[in-house]
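I have placed the structure first, in the form of structure tokens, so that the comments after it can refer back to it.
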Amino acid sequence: MSAVPVASVVSAPRAVVPAPAGPGTAPILGCPGEAEAHQVRSFTRSLNRSRQSLTRADRPRTFVLEGREWDLLDEVFAPVYSPSTGVGLDFLGLNDPRPADTDSREAAVTTAFAPDVSGRRGSFLEIGCGTGVIAVTAALAAHGPVVACDISPQAVENTVRNAERHGVQDRLRAVCGDLFGGLDDGERFDTVFWSSNYVLGPADYVYESVHERAYVDTGYQAHRRYLEEAPRRTTASGAALLHFSSRGDVALLHRIAAESGRELRTLAACLVQEGEYGNDLVEHLLFQILPAPRSRRA
């Protein structure tokens, strides 16, 4: 497999629109037909995307995203083939490519698509960090301390390299674990964020690689655990956040949340035309995970 030294990324249009405040599901911004929706949510298609992204001849060793250059190791989710990392930066208000400086750190975040979270500072935990783009950018934007967690040892190493590349290794720690498995019991964070593997796979599917876990969640087992535990990992005033999309089953996610005593508040939504492996119109959503009102709990 050959690799080009640097891939210049031209992000897909990301017309992010704030969602109505308050609990509930965001309005569907696009209404694909039943056949199109089934194709977008296909787990076999997502697994094929996973395999193709690992073996493409143009898979780079480094890439540029939001004005910065990043390392990309083998077996790690490649942001160059999916807009999800860029959308996550948008949702968190971290998409200004100018590094923060010690005299004017507040200037590092200029775009407030999700006003409830984009102005937030303090400790930051990213689940499923991959290359570390979001965690490193959070550290550059004056969040700290920052912890980046991934089930893939390669992704953890990738995040360490990118933290060193951008000079934030002193305030970012990368750990290996399944969801919160790499953390100490007492660790709490002002922001907990996961850009999830939102495609639903059969509960009995056996992953062929760790990389497939970045694309598909079997039976939404990981989502159920995240919904239950993420709010317990926040500080008293912290926020537990989930980046989801219409590639997943939004209705099922809400049902799982209710079963877990949680409620999903939609903070932001955007439509993205994803054309790398097709021509899919995908709605991306940012949820805050809240305790369900007592009247709704079983």
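When reading the values below, keep in mind they use all heavy atoms of this one structure, side chains included, and skip hydrogens, waters and symmetry mates. Residues: numbered from 1 along the sequence shown.
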Linked, directly or transitively: L54 and V156 (ILVMFWY side chains, under 4.5 Å): no
Note, T131 side chain near F63 side chain (heavy atom, < 4.5 Å): yes
Check against side chain to side chain donor-acceptor pair (under 3.5 Å), T218 and Q221: CA-CA 6 Å; T218 55; Q221 298 171 70; 3.1 Å; yes
Interatomic spacing from CD in Q169 to CZ in R171 - rounded to 0.5 Å: 9.0 Å
Check: G181 main-chain N/O paired with D178 side-chain donor or acceptor under 3.5 Å: no
Reported OH-to-CG distance for the pair Y220 and L252, which is rounded to 0.5 angstrom: 6.5 Å
E259/R255 salt bridge by N-O under 4.0 Å criterion: no
Any donor-acceptor N or O pair under 3.5 Å, side chains H223, S196: yes
Aromatic plane relationship, H254 with F287 - under 30° parallel, 30 to 60° tilted, over 60° perpendicular: perpendicular
Geometric class of the Y198/F244 ring pair [parallel <30°, tilted 30-60°, perpendicular >60°]: perpendicular
Other cluster members, I151 - Ile/Leu/Val/Met/Phe/Trp/Tyr, side-chain contacts below 4.5 Å: V210
Any E126 side-chain heavy atom under 4.5 Å of W194 side chain: no
Salt bridge R165-E69, side-chain N to carboxylate O under 4.0 Å: yes
Side chain S260, main chain R262, donor-acceptor under 3.5 Å: no
Non-hydrogen atoms of P231 and A240 that approach each other most closely: N-CB, 3.9 Å
Gap separating the CG atom of L92 from the OG1 atom of T191, nearest 0.5 angstrom: 7.5 Å
Nearest heavy-atom neighbours spanning P60 and L72: O-CD2, 3.4 Å
S53 (side chain) donor-acceptor with S50 (main chain) under 3.5 angstrom: yes
Results of salt bridge (charged side-chain N to carboxylate O under 4.0 Å, His left out) for R51 - residues two or more places apart only: E208, E212
Any side-chain heavy-atom pair of L227 and L253 under 4.5 Å: yes
Geometric class of the H211/Y215 ring pair [parallel <30°, tilted 30-60°, perpendicular >60°]: tilted
Donor-acceptor contact below 3.5 Å, side chain S245 vs main chain H284: no
Candidate pair D58 and Y81, rule side chain to side chain donor-acceptor pair (under 3.5 Å), full reasoning: CA-CA 11 Å; D58 62 347; Y81 303 136; 3.1 Å; yes
Shared hydrophobic cluster for L73 and W70 (ILVMFWY, side-chain gaps under 4.5 Å): yes
Ion pair D71/R61, N-O distance below 4.0 Å: no
Heavy-atom closest contact (I134 atom, L94 atom, distance): O-CD1, 4.2 Å
Check: F193 and L286 side chains under 4.5 Å, non-hydrogen atoms: yes
Test item: R232 side-chain N/O and E228 main-chain N/O as donor-acceptor pair under 3.5 Å: yes
S42 versus V199, closest heavy-atom pair with distance: O-CG1, 4.0 Å
Side-chain donor or acceptor of R247 paired with backbone N/O of L200 under 3.5 Å: no
Full working for side chain to side chain donor-acceptor pair (under 3.5 Å) between D190 and T235: CA-CA 5 Å; D190 297 305; T235 58; 3.0 Å; yes
Heavy-atom closest contact (L65 atom, L89 atom, distance): CD2-CD1, 4.5 Å
F189 vs F124 side-chain heavy atoms within contact, under 4.5 Å: no
Residue pair L140 / H166, side-chain heavy-atom distance below 4.5 Å: yes
N/O donor-acceptor pair under 3.5 Å between N95 side chain and D90 backbone: no
Interatomic distance, E164 atom CD to T159 atom OG1 [nearest 0.5 angstrom]: 11.0 Å
Spatial distance of atom CG (L183) from atom CD (E229) [nearest 0.5 Å]: 8.0 Å
Donor-acceptor contact below 3.5 Å, side chain Q154 vs main chain D74: yes
Check: Y226 ring centre within less than 6.0 Å of F180 ring centre: yes
Exercise: identify the closest heavy-atom pair between R188 and D185: NH1-O, 3.0 Å
Sidechain-backbone polar pair: R233 side chain, E187 backbone, donor-acceptor under 3.5 Å: yes
Pair V136-L172, side chain to side chain contact (heavy atoms under 4.5 Å, CB included): steps then yes or no: CA-CA 7 Å; V136 169; L172 186 152; 3.9 Å; yes
Beyond-backbone contact of S123 with H143, side-chain heavy atoms, under 4.5 angstrom: no
CD on E75 to OG on S152, rounded to 0.5 Å: 8.0 Å
Heavy-atom side-chain proximity of V87 to C270 below 4.5 angstrom: yes
